[in-house]
Undergrad: 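Take a look at this one; I'll ask things after.
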Amino acid sequence: MTTMKLSDLAKTIRSKNAGTDKITFDVIFREAAAYEQVKRSRALTRQSVSQLLKINPNRITDFVEYDPAYAIKFTILRDRPSGSAGDGDIFGAQQYAPLLDIEIALDS
Amino acid sequence: MKSLKIICPNGHLGFAPLKVESFRLGVAAKPDYIAADSGSDDIGPVPLGTDTCASPAAWQEHDLEHMLLAARELDVPMLIGSAGDTGTNSRVDMYVEMIRKIARRHDLPPFRIGWFYSEVDRELVRTQIRSGTAVAGLDARPDLTEDELDATTRVVAMAGVHPFVELLKQECDVIIGGRSSDSAIFAAPALYHGFPEAQAYYLGKVLECASFCAEPYGAKETVLGKITEDWVEVTAMHPGQRCTVASVAGHAMYERSNPYHEYVAGGMLDMTDCHYRQVSEKTTRVTGMRFVPATELRVKLEGSGKVGERFVGMAGIRDPYTIANVDEVIAWSRAQVIERFGPDGWELHYNVFGRDGIMGPLEPLRDKPGHELLVVVQGLAPTREMAEEVTMTGTRQLFYARLPDVKGTAGGVSFVLDEVLPASPAHRWTLNHTMRIDDPLSLFPTQTATIGETATSDA
């Protein structure tokens with residue numbers, strides 16, 4: 001089976017605070033084909049993300065396939081509020097890196 | 001009024017300066033309002049707790065100056081929310097003073113300024129708790145307790161459109177807001193002129209981060225929003241940027257946990273059935289937004305509480321054996337602090353960069369550290385003297401850690417600086433809650449003044 005990395009299919013992969021207690025992740029595609037391909041592959045789901053980040057699925061508060069923007073978006077609860085002493089990423093802006101290498105199975 | 005145009009030059013005024021070229025193009029498009037938010041809770045809890053800014057005054061004044069001069073030249077109102085990053089009372093006063101100073105410097109003809117405050121007395125919040133009205137936690141937080149309130153240094157409430165509309169009714173030319181919901185700053189003028197709530201709040205939603213709704217990526221560029229009874233259009237002002245279906249729809253996601261719903265004081269903007277259409281090269285039109293009024297009026301509260309004085313130390317590690325055993329090295333240092341100060345009354349935090357310093361427990365590659373590490377040490381304690389000693393012990397003892405098989409017995413870590421550095425006092429977000437209010441203006445007292453009439457009348 002042929003696979004591609006998510007970073008080769010997506011235009012934007014980013015993370016950022018959504019308020020003080022959550023970090024939200026956006027994976028945005030340039031066109032419908034790549035977006036639909038990733039959706040069909042089931043490689044980016046609530047389940048796969050909770051495994052990748054080693055968190056209980058109930059810490060994922062939202063998981064949305066957002067058709068108008070060809071985007072997959074999910075949000076996690078932080079283990080403590082942003083900017084608490086020891087928080088290594090106050091803006092939550094560098095939490096997306098593990099998503100880059102997710103392997104997406106190509107079905108055509 | 002059939003349509004209304006607002007420009008936004010900066011998504012977080014002061015945090016980095018606005019870009020002048022696209023702002024001028026925006027001004028040339030003859031907007032009816034110029035508006036920007038100046039706040040964010042991204043900056044962490046320290047500025048709110050210590051009542052300071054995260055942005056340099058020079059950058060804040062730079063943006064205020066450009067906006068004020070343009071607004072007075074066009075004779076249109078200028079609206080700023082969340083003055084000085086946090087929107088505390090002192091930050092509002094500081095922005096009002098900056099406006100006075102800029103007006104004097106340019107000898108501007110008289111104009112009316114209005115401002116409102118957002119700080120909330122902790123005792124008012126306590127009264128709510130005691131009355132049995134829950135101060136409800138957001139984002140899985142429990143309802144607020146008095147203990148947590150006691151641990152809080154400062155609280156601001158997030159204003160909706162109400163104080164802005166009130167000051168527009170009083171014909172203010174410049175409005176400086178305390179902590180504000182960013183979309184409300186733009187929705188307020190639209191509502192004031194009678195446009196529907198759905199379109200008004202959508203206008204705010206799409207404009208609040210300026211050029212983040214345009215592509216290619218480029219922050220701090222001006223965008224122009226236009227509202228009618230039926231739709232909102234957004235246009236990039238920078239010659240190299242466009243507002244496309246993808247960029248505008250994509251922006252609905254930005255910094256929000258969910259791309260469909262945006263909550264404000266008074267209701268919820270529902271973007272589920274939004275339809276996006278490219279109407280020209282640089283402009284996208286949006287229809288289909290809805291607004292669902294809230295059954296009760298709740299305002300969001302942000303609170304920050306001091307945890308302790310803080311120093312920071314740093315240590316590098318290059319020996320692969322020490323890297324493999326960095327947790328033991330840290331445990332050794334921590335044990336030395338316990339020996340000196342006992343188990344409680346201080347905190348040590350270690351971020352191990354090169355292993356999991358950025359992602360902590362979320363890091364999938366935690367078992368594959370790099371060939372060199374940087375350990376950042378934060379020591380917290382009630383006094384500066386103690387925090388310094390905790391941090392110094394927690395850092396320098398990394399050097400003396402006793403690993404059984406280490407070859408390098410002359411020192412276990414490298415130092416860039418053999419010292420610890422004073423840092424801002426550590427704080428934490430204690431409040432991310434909502435509180436019920438009856439009168440939407442009760443938490444946001446407004447004031448007005450005339451600037452420039454005579455030397456003294458604006459006091």
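Below, read A as the first sequence line, B as the second, and so on, with proteins coming before strands; counting in each chain starts at 1. The figures that follow rest on heavy atoms only: side chains count, while hydrogens, waters and symmetry mates do not.
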Undergrad: Which bit of I23(A) is near chain B, if near means a heavy-atom gap under 4.5 Å: side chain, backbone, both or neither?
TA: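 Neither part, no heavy atoms under 4.5 Å.
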Undergrad: Scan side-chain atoms only and decide if S257(B) and T75(A) contain a donor-acceptor pair under the 3.5 Å cut-off.
TA: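 Distance-only check fails for S257(B) and T75(A).
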Undergrad: Would T24(A) and K16(A) count as having a side-chain donor-acceptor pair, cut-off 3.5 Å?
TA: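 Checked: T24(A)/K16(A) side chains show no N/O donor-acceptor pair below 3.5 Å.
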Undergrad: Just checking, any donor-acceptor pair under 3.5 angstrom between side chains of D41(B) and T20(A)?
TA: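 Result is no, nothing qualifies.
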Undergrad: Hey, which of A85(A), G83(A), S84(A) has the most heavy atom pairs under 4.5 Å with chain B?
TA: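 It is A85(A).
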Undergrad: Among the options F353(B), Y260(B), Y217(B), pick out the one with the most heavy-atom pairs lying under 4.5 Å from chain A.
TA: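 Counting heavy-atom pairs under 4.5 Å, the top option is Y260(B).
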Undergrad: Checking H12(B) against D85(B): is there a side-chain donor and acceptor pair closer than 3.5 Å?
TA: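 There is such a pair (donor and acceptor under 3.5 Å, judged by atom type) between the side chains of D85(B) and H12(B).
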Undergrad: Answer with yes or no whether the side chains of S424(B) and R310(B) bring together a donor and an acceptor at under 3.5 Å.
TA: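 The criterion, which ignores hydrogens and geometry beyond distance, is satisfied for S424(B) and R310(B).
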Undergrad: Please classify the contact between Y254(B) and chain A as side chain, backbone, both or neither, with a heavy-atom cut-off of under 4.5 Å.
TA: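 Both backbone and side chain of Y254(B) come within 4.5 Å of chain A.
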Undergrad: Measure distances from D79(A) to the heavy atoms of chain B and classify the residue's part below 4.5 Å as side chain, backbone, both or neither.
TA: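 Side chain of D79(A) only, per the 4.5 Å heavy-atom cut-off to chain B.
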Undergrad: Checking Q378(B) against chain A: side chain, backbone, both or neither under 4.5 Å from a heavy atom?
TA: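 Interface part for Q378(B): side chain.
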Undergrad: Considering only heavy atoms, which portion of D26(A) lies under 4.5 Å from any heavy atom of chain B: side chain, backbone, both, or neither?
TA: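 The side chain, not the backbone.
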Undergrad: Contact part of Y70(A) toward chain B, heavy-atom cut-off under 4.5 Å: side chain, backbone, both or neither?
TA: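 Neither part; nothing is under 4.5 Å.
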Undergrad: Please rank A249(B), G44(B), A140(B) by heavy-atom pairs under 4.5 Å with chain A and give me the top one.
TA: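 Between A249(B), G44(B), A140(B), the count favours A249(B).
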Undergrad: For R14(A), which atoms come within 4.5 Å of any heavy atom of chain B: side chain, backbone, both, or neither?
TA: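 Contact with chain B involves the side chain of R14(A) alone.
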Undergrad: Do S82(B) and R179(B) have a side chain donor and acceptor closer than 3.5 Å?
TA: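 Distance-only check passes for S82(B) and R179(B).
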Undergrad: Minimum heavy-atom separation for R256(B) and A18(A), please, with both atom names.
TA: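 Closest pair (atom of R256(B), atom of A18(A), distance): C-CB, 4.0 Å.
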Undergrad: Under a 3.5 Å threshold, yes or no: a donor from one side chain and an acceptor from the other, between E255(B) and N17(A)?
TA: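 The answer is no; no qualifying pair exists.
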Undergrad: Do E215(B) and T244(B) have side-chain N/O donor and acceptor atoms under 3.5 Å apart?
TA: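 Looking only at side-chain atoms, T244(B) and E215(B) do form a donor-acceptor pair, the distance falling under 3.5 Å.
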Undergrad: Measure distances from R30(A) to the heavy atoms of chain B and classify the residue's part below 4.5 Å as side chain, backbone, both or neither.
TA: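 Contact with chain B: none, neither part.
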Undergrad: Output the option from D87(A), I55(A), D62(A) having the highest count of non-hydrogen pairs under 4.5 Å with chain B.
TA: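 The candidate making the most pairs under 4.5 Å is D62(A).
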Undergrad: So for L77(A), is it side chain, backbone, both, or neither that comes closer than 4.5 Å to the heavy atoms of chain B?
TA: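 Only the side chain of L77(A) comes within 4.5 Å of chain B.
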Undergrad: Measure I28(A) against the heavy atoms of chain B and call it side chain, backbone, both or neither at under 4.5 Å.
TA: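 Side chain only.
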Undergrad: Do F74(A) and F25(A) have ring centroids that are under 6.0 Å from one another?
TA: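 Yes - the distance between ring centres of F25(A) and F74(A) falls below the 6.0 Å cut-off.
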Undergrad: Give the member of V248(B), T430(B), D356(B), N258(B) that has the highest number of heavy-atom pairs under 4.5 Å with chain A.
TA: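 Ranked by contacts with chain A, first place is N258(B).
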Undergrad: Checking heavy atoms, do the side chain of L138(B), its backbone, both or neither come under 4.5 Å from chain A?
TA: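 Contact with chain A: backbone only.
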Undergrad: Nearest 0.5 Å, what's the CE-CD distance between M359(B) and Q95(A)?
TA: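 M359(B) CE to Q95(A) CD: 4.5 Å, rounded to 0.5 Å.
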Undergrad: If I measure from the heavy atoms of chain A, does L380(B) come under 4.5 Å with its side chain, its backbone, both, or neither?
TA: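 L380(B) touches chain A through side-chain heavy atoms alone.
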